[in-house]
Amino acid sequence: MSKRGRRGGARSRNDGWEESGGYMAAKKCKLDIQYNEMVSLEQTKEGTSSNIFNGISIYVNGYTKPSSDELKRLMMLHGGKYCHFFSKTNCSHVIANNLPDSKVKDWKYVKTVKPEWVTDSIKAGKQLSCTPYTLYVAPSVMQPTINFAKVSEDQRHMSETATVCKAQSVCNTSTHVPSTNVQKVNQNAQTKDSRNEGFIKEFYDNSRLHLISTLGAEFKDFVTKLHQTGEKVFPGRQRLLEHGIYAQSPSKQEQVIMHIDMDSFFVSVGLRNRPDLVGKPVAVTHSKGKMVQPREGTDFEYELSHWKGFSLSGNTNLDADTKQELVRSSVELEKSVSMAEIASCSYEARQAGVKNGMFMGPARKLCPNLVPIPYEFEGYREVAHILYNVVASYTHHIEAISCDEMFIDCTDILQSTGISEEQLASTIRDEVKDKTGCNASIGIGPNILIARMATRVAKPNGQHLVHIDDIQHFIAKQLAKDLPGVGRKTCIKLQALGVTTCSDLQAISLAKLQKEFGAKLSESLFEFARGKDDRPIQMEKERKSVSAEVNYGIRFKEQTEVTRFINDLAEEVQTRLRRLELKGRTLTLKLKVRKSDAPKETIKFLGHGICDSIAKSTQLISPTDDAQSISKQCLALIKILNVEPEDYRGVGIQISRLERNDKLASKSASILKYMKQGTNIPDTASVHIPKVLPDLPTLKLDNPEPGGHASVPKQAKTPTGIAAQGSSDYMVSPSQIDENVLQELPKDIQDQIRKEMRLHQMKKINTAAGGKQTQEDVVPKQETLSISSLRQSPTIKSPKKKSPSKNSPKIFKVPKGSKVVKKKKLSPKKIVFQDPNQHEIPPPVRHNKTSIDVSIKPVVSSQPEEIEFCGARSINEVKLLIKEWLYNTDTPLQEDILMLVEYLVQLVVAKNLEEVYLLSKFLHRHVLRIDTGEWKRAVDIIEQKVNDVIHSIYSSKLKLSN
DNA sequence: ATCCTCCCCTAC
DNA sequence: TAAGGTAGGGGAGGAT
Ligand SMILES: Nc1ccn([C@H]2C[C@H](O)[C@@H](COP(=O)(O)OP(=O)(O)OP(=O)(O)O)O2)c(=O)n1
Ligand SMILES: [Mg+2]
Ligand SMILES: [Mg+2]
């Protein structure tokens with residue numbers, strides 16, 4: 001049933017075809033093991049050693065005059081290093097006799113020289129210049145290797161389009177490179193945080209999590225394309241046939257799933273050229289191993305007690321107390337800890353209790369001998385590419401999970417080749433090992449779940465097959481916390497239920513599970529505990545969002561710094577969207593804000609510490625990928641959220657409701673603009689509106705907001721209900737309600753609206769003066785903003801503190817000279833309003849539909865200039881214009897839409913609701929005729945937007961549709 | 001019922 | 001010092 005397929009067993013079978021397979025890897029497959037001994041051997045050996053190759057790492061390609069073995073020996077003898085596997089990060093020089101086309105790309109960042117450079121240098125007793133030995137592109141014979149054309153192409157493409165993390169230095173292995181040591185001397189003066197220019201790039205260049213996210217996304221995309229368009233050519237599978245590895249079990253019709261995952265991925269890559277560390281506890285981390293004194297102003301106890309679990313001692317399912325104790329004791333004992341995270345640790349380190357994601361300090365306590373090794377971002381990328389290419393040479397039936405992990409459905413491979421699961425697994429593992437120097441483990445089972453769980457058993461460097469008949473036996477003894485979907489929280493709940501193993505879990509009824517967990521999780525727990533899983537292998541994954549966030553190094557003092565950072569981050573989002581050729585309709589701003597009682601200094605240097613998370617989203621008027629629009633919306637949201645600059649600890653921007661970027665649409669000119677300008681501007685000269693208007697109002701749609709977005713001006717007073725929830729500090733300040741609606745409008749209109757709002761607010765307050773309803777009236781039942789934590793926070797500016805900017809925060813003060821006059825008075829016709837919030841309706845009428853007499857509005861007013869829409873004044877003119885626009889445009893441009901919104905809003909402000917109403921109906925009617933999704937959405941947005949403003953002023957909405 | 005927004009959780 | 005990103009599933013609760 002289940003056996004640990006060891007490499008040795010498979011090896012003999014492979015020997016046959018490796019020779020003739022033509023893989024470059026096959027040439028050097030046996031070298032790695034010997035390396036360790038040889039190093040020590042060579043070092044103790046007497047003879048003419050030197051250090052002329054100090055800082056040099058060579059990779060030998062192809063057949064060379066002195067053999068690669070000999071070159072290796074020479075390098076070791078003369079202070080250089082020898083790489084078994086090429087990587088930009090590890091190898092400073094490639095030694096070869098010729099330079100094949102296929103390698104040019106890979107090698108373009110390193111020196112490629114002939115072997116004589118080595119031998120001559122040794123003869124000369126010094127390192128000679130490479131120049132005379134440099135190889136140039138020769139139209140040489142491409143090795144007629146397996147024709148991977150398609151895959152390789154894609155692979156290269158991936159490498160190119162990827163956000164390239166700059167290779168720090170050509171050779172950053174442990175051997176120091178004297179010449180490049182100059183690097184970070186000048187920048188020490190000041191700490192680099194979010195206020196510094198270029199911080200975002202520097203951060204991303206050093207973020208492992210960013211790297212694995214990026215890589216993961218690339219591979220998902222790669223597999224998607226592979227499946228959609230890839231030629232179904234499987235050289236690997238072909239080889240299996242040719243070399244007669246076939247067995248005799250043709251009647252496999254059960255599904256067979258494999259889960260392939262690199263062993264301690266980052267560590268494996270890092271150890272490729274550090275054979276001396278193999279077998280030792282090793283961790284990949286930014287920490288160099290020096291202990292770090294706690295800084296002034298940090299509060300260790302505080303962070304310990306509030307810590308959400310994940311960070312301080314690792315992403316484990318241990319209970320919080322244990323971890324706290326661990327951290328606390330390591331602090332007490334050592335008096336200093338490194339708060340650098342461990343990305344990956346070797347299995348030796350795991351034995352001591354070290355886990356991926358743990359901080360270095362606590363890890364050191366668990367494992368005093370833990371050896372830190374540096375990141376090698378390029379190496380991870382390369383190895384991951386090879387992994388995926390190897391697997392893709394056997395099947396395209398792949399589900400990419402991450403850069404080091406995937407599922408494959410190998411039912412058809414087994415069918416068509418007749419080999420066994422174990423044979424296939426070891427073949428793949430061997431090939432990966434040969435080509436990358438890293439171990440992969442494989443779990444095999446009849447479904448995804450079992451394959452995944454089998455990998456745990458297989459690791460490290462093994463494979464494990466679970467036959468369908470053994471599922472029950474196998475799953476029963478697995479730990480429940482290892483089931484997919486069971487993380488920290490769920491684990492705690494399971495513990496409370498007395499569940500440890502899947503066997504325990506089986507004893508819990510579905511009903512009981514549902515009391516503790518949600519519907520979905522309950523169901524999957526129930527099924528998984530029995531080894532059942534019907535999830536299919538998903539080869540094609542459609543992305544649903546694009547985001548960029550930074551929760552490290554965020555420190556601001558001034559709002560201007562926040563603004564600048566948002567601009568930069570929006571730029572980053574734009575870059576990502578454009579690279580993916582996507583635009584989005586929904587924008588979400590995510591902030592991390594220092595918890596009110598958290599110290600300003602975090603334990604971790606520039607970390608985010610203990611925070612509240614806030615998210616706020618907004619609809620974009622049209623699919624957007626434009627940095628300016630994005631930034632503008634974010635800033636509007638930020639204004640609403642009203643956070644003290646000093647309390648920001650994290651910022652993120654997410655774009656969702658994605659659409660493919662239709663390049664055609666963006667080319668169409670703005671008709672309205674055209675007409676408008678046409679009246680003023682003689683001719684074609686500059687008829688075309690610059691694509692990016694500096695203040696292009698990429699509309700943001702204020703979301704109608706669950707619980708009633710704070711579109712109604714409120715008095716600052718907090719109702720008890722909300723206060724009890726403790727989140728009142730996050731309350732939107734009255735002057736900023738609908739800020740993001742207002743933001744988009746011209747200043748003068750903004751001001752008018754604000755005045756109107758205040759006026760109406762007064763009225764309302766007066767009306768409801770004695771009534772109890774007031775409370776509800778003034779503040780929405782449900783908090784508008786999402787605050788992950790219900791705690792109070794001093795973090796948010798109270799409204800009055802708000803800078804004395806253009807928005808007067810005073811609600812009660814009637815603006816002097818308040819003058820708003822409707823331009824033309826229409827008949828006092830009744831208009832139907834739809835009340836968004838019945839209970840907010842002022843006393844007289846309490847009904848779903850409320851009639852408001854249009855004529856009540858104009859009290860004071862003045863509208864100095866006529867309101868006009870592209871020159872059109874009368875409603876009929878406007879209608880004509882709209883019609884022309886409607887029937888001559890396929891996709892409405894957002895600037896046009898905005899212009900109309902602007903016009904309608906002016907009408908609203910001028911209290912000409914009737915016209916607004918008529919125009920809306922008109923628009924509706926005609927759009928129905930056109931019947932395009934684009935136009936429907938546009939009209940929705942227009943109406944929503946206009947209604948937001950109406951709502952702000954009247955606390956009711958105009959019923960527009962029909 | 002079904003949608004949407006905001007949140008939490010999980011995974012790598 | 002240190003580089004705590006990113007995407008998706010899913011649930012609660014309000015709007016429609
Ligand atoms: N908290 C984490 C988890 C993972 N990773 C990175 C480093 C890992 O090497 C890589 C792959 O994650 P895995 O979960 O596959 O873990 P490893 O490959 O390190 O170990 P294993 O042998 O358990 O797969 O992702 C990380 O940076 N931080
Ligand atoms: Mg792994
Ligand atoms: Mg993995």
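Bear in mind that the values here come from a model prediction, so they are computed numbers and not experimental data. Order of the sequence lines sets the chain letters (A, B, ...), proteins ahead of strands, with each chain counted from 1.
- A:A217 comes within 4.0 angstrom of nothing in the nucleic acid, heavy atoms only.
- For A:K288, counting side-chain heavy atoms from C-beta on, the closest listed nucleotide (B:dC12, C:dT1, B:dC9) is C:dT1.
- As judged by a 4.0 angstrom heavy-atom cut-off over every strand, A:G216 is placed among residues making no nucleic acid contact.
- Using a 4.0 Å cut-off on heavy atoms, none of the residues of residues 584-592 of chain A approach DNA chain C.
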One pair to check against side-chain hydrogen bond (donor to acceptor under 3.5 Å, both in side chains): A:R555 and A:T602. What are the steps and the verdict? CA-CA 11 Å; A:R555 296 293 188 277; A:T602 55; 3.2 Å; yes
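- At the heavy-atom level, A:I653 lies nowhere under 4.0 Å from the strands shown.
- Here C:dG5 is the nucleotide among C:dG5, B:dT5, C:dA3 with the atom lying nearest to any side-chain atom of A:I212.
- Across all strands, A:R576 comes closer than 4.0 Å only to sugar-phosphate atoms, never to a base (heavy-atom distances).
- Sparse packing is recorded around CD of A:E523, with 12 or fewer heavy atoms of other residues, nucleotides or ligands lying under 6.0 Å away.
- For A:Y552, whose side chain is taken as the heavy atoms from C-beta onward, the closest listed nucleotide among B:dC12, C:dG5, B:dT10 is C:dG5.
- Nucleic acid contact for A:G518: sugar-phosphate only, since backbone atoms but no base atoms lie under 4.0 Å from a heavy atom of the residue.
- Contacts of A:E523 with the nucleic acid, taken as non-hydrogen atoms under 4.0 Å apart, are absent.
- When heavy atoms are screened at a 4.0 angstrom cut-off, A:E405 is found touching the sugar-phosphate backbone but no base atom.
- Taking the salt bridge (Lys or Arg N to Asp or Glu O under 4.0 Å) definition, one finds that A:D625 meets it with A:R578, sequence neighbours left out.
- Here salt bridge (Lys or Arg N to Asp or Glu O under 4.0 Å) pairs that include residues 541-554 of chain A, with residues two or more places apart or in two chains, are A:E399-A:K541, A:E549-A:K590.
- Comparing C:dA7, C:dT6, C:dA3 by their nearest atom to the side chain of A:H210 picks out C:dT6.
- Contact annotation: A:K544 does not reach the phosphate of C:dA7 (side-chain N/O to OP1 or OP2, under 4.0 Å).
- Every residue two or more places apart in sequence or in another chain was checked for a salt bridge (Lys or Arg N to Asp or Glu O under 4.0 Å) with A:K493, and none qualifies.
- Partners of A:Y648 by ring pair (Phe, Tyr, Trp, His ring centres under 6.0 Å), not counting sequence neighbours, listed by chain and number: A:F556.
- Residue contacts shown for A:R452 are limited to sugar-phosphate atoms, with no base heavy atom under 4.0 Å away.
- Candidate nucleotides C:dA7, C:dG5, B:dT10 were compared by shortest atom distance to the side chain of A:S545, and C:dA7 ranks first.
- Listed pair A:N356 / B:dC12 fails the phosphate criterion, with no side-chain N or O lying under 4.0 Å from OP1 or OP2.
- For A:R350, the salt bridge (Lys or Arg N to Asp or Glu O under 4.0 Å) test picks out no residue, with sequence neighbours left out.
- In this structure, of C:dA7, C:dA2, C:dG5, it is C:dG5 that holds the atom nearest to the side chain of A:S213.
- Of the candidate nucleotides C:dA3, C:dG11, C:dG5, C:dA3 has the atom lying nearest to any side-chain atom of A:E341.
- Taking only side-chain atoms of A:T490, from C-beta outward, the nucleotide of B:dC9, C:dA2, B:dC12 with the closest atom is B:dC9.
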